[in-house]
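Note that the coordinates shown come from a computational prediction; the quantities given were computed from them, not determined experimentally. In each ligand, atom 1 is the first atom listed, and ligand 1 is the first ligand listed. FYI, the numbering just counts along the sequence from 1.
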Amino acid sequence: MIPLDEARTLVLSRCEPLPVEDADIRDMAGRPLAADVVSVEDVPPFDNSAVDGFAVQSADVAAPPVELDVVATVAAGATSPVAVARGQAVRIMTGAPIPAGADAVVMVEDSQPVAGGRVRLTAPAQPGGAIREAGSDVRAGDTVFRAGTVVGAAAIGVLASINVRSVPARRRARVAVLATGDELVVDGSPLAPGQIRESNLTMLRQLLADAGCAVEDLGVVRDDEALLEDVLRGAARRCDAIVTSGGVSMGDFDVVKAVLSRIADMQWMQVAIKPAKPFAFGTLDGGSGRRVPVFGLPGNPVSSVVSFEMFARPALRRMMGHERDLLRPVVRAVLDAPVRRKPDGKLHLVRVHGSFGPDGRLHVRDTGPQGSHQLASTAVANGLALVPDGAGLAAGDDVEVLLLD
Ligand code: AMP
Ligand code: MG
């Protein structure tokens, strides 16, 4: 058996970052920037009012209450037709440019209308008060984001605010995914004896989409070597990576193993983890000298998702330009229930659900039966407890937990 870290390092070393493209900022959520972003504009672009109120000369409102002549009104998007002179005020809306002459705004809540087009201001104004200065959010010339920054919704907003419509980013990985197994039923028809419902492909599509990949669903491929070879070779020509489910262990009809052994440079691993011990990784010729990574995930549904999490997701993230946080966060938590296990040389990845307790710590307990076919207890887990080889852990023990969400 090969230790998890060693297997992962091997996989990562063979999954190179994809080419950089010019990506629309609206398609950037969750993706890292491939270059620094420098602003060429100030945000805000001009001094403007932080409140609805009255633009004034602060010297006029040093000792309120005072009454001033209201000489104009300026809305957001407009400019004041007049400057503010001593004894005058301009009614101003949030976001409107500060009129010439004014150096402060008094908010409308601190004012009362007075007959004859005048206003009484009841709170003092300081120079600069309630004014948002040009460039106070972002200044032209600032490096707003460094290469490697993972873009979120607010970053997309910042990019829009500085008129950056597209940014350099590694391409999203286009990933072909297929399942194998003649027992699998996908179309909702009644189950004949020996048949089961397909679930991995449906799940892996979603895992890939969640990881930010573009998915090419190749469906269930029958356990037929010639057919599978055709499908895999085609996928390698069109895609950046291939994910297969099933057929990588020791069974007689493990056709994925038979075909990939022949056409790709695969490594058939027995990883020292439970579940997801069998795992295959290699590369397939994609034409023009391209080597396309192939992730051969085990068929047992829980092994399939765990194997995806341990190997495929970090590798695909690396391909899409992530440098930090290839792996999900691992935190220390408290076990609220014992975890029983026997020494077997493997790290056990135990499905757990965790929530924060009044002590401020993450408390976890297992979500039920841990068989590699028992997907239901995986569906309600929000973490995998990393239970080291040995005799298990007791309630109250510390445990490392990989956070799944
Ligand atoms: P295999 O890795 O092909 O030997 O499959 C291991 C176990 O996982 C068998 O019980 C299969 O029936 C089951 N299995 C394989 N592929 C799928 C799938 N796509 N959906 C649900 N179960 C599967
Ligand atoms: Mg099979």
Counting only heavy atoms and a distance below 4.0 Å, can you name the residues contacting ligand 1? A179, T180, E183, L184, I196, R197, E198, S199, N200, S245, G246, G247, S249, D254, G299, N300, P301
Side chains of M269 and P278, heavy atoms from C-beta outward: is any pair under 4.5 Å? no
Between R351 and S377, is any side-chain donor less than 3.5 angstrom from a side-chain acceptor? yes
Taking the six-membered ring for Trp, are F295 and F311 ring centroids under 6.0 Å apart? no
Sequence neighbours excluded, every pair satisfying side chain to side chain donor-acceptor pair (under 3.5 Å) that has a member inside residues 169-180: D27-R172, R171-D240, R174-E216
Quick one: does D389's side chain get under 4.5 Å of D344's, heavy atoms only? yes
Taking side chain as C-beta onward, heavy atoms only, is T73 less than 4.5 Å from M93? yes
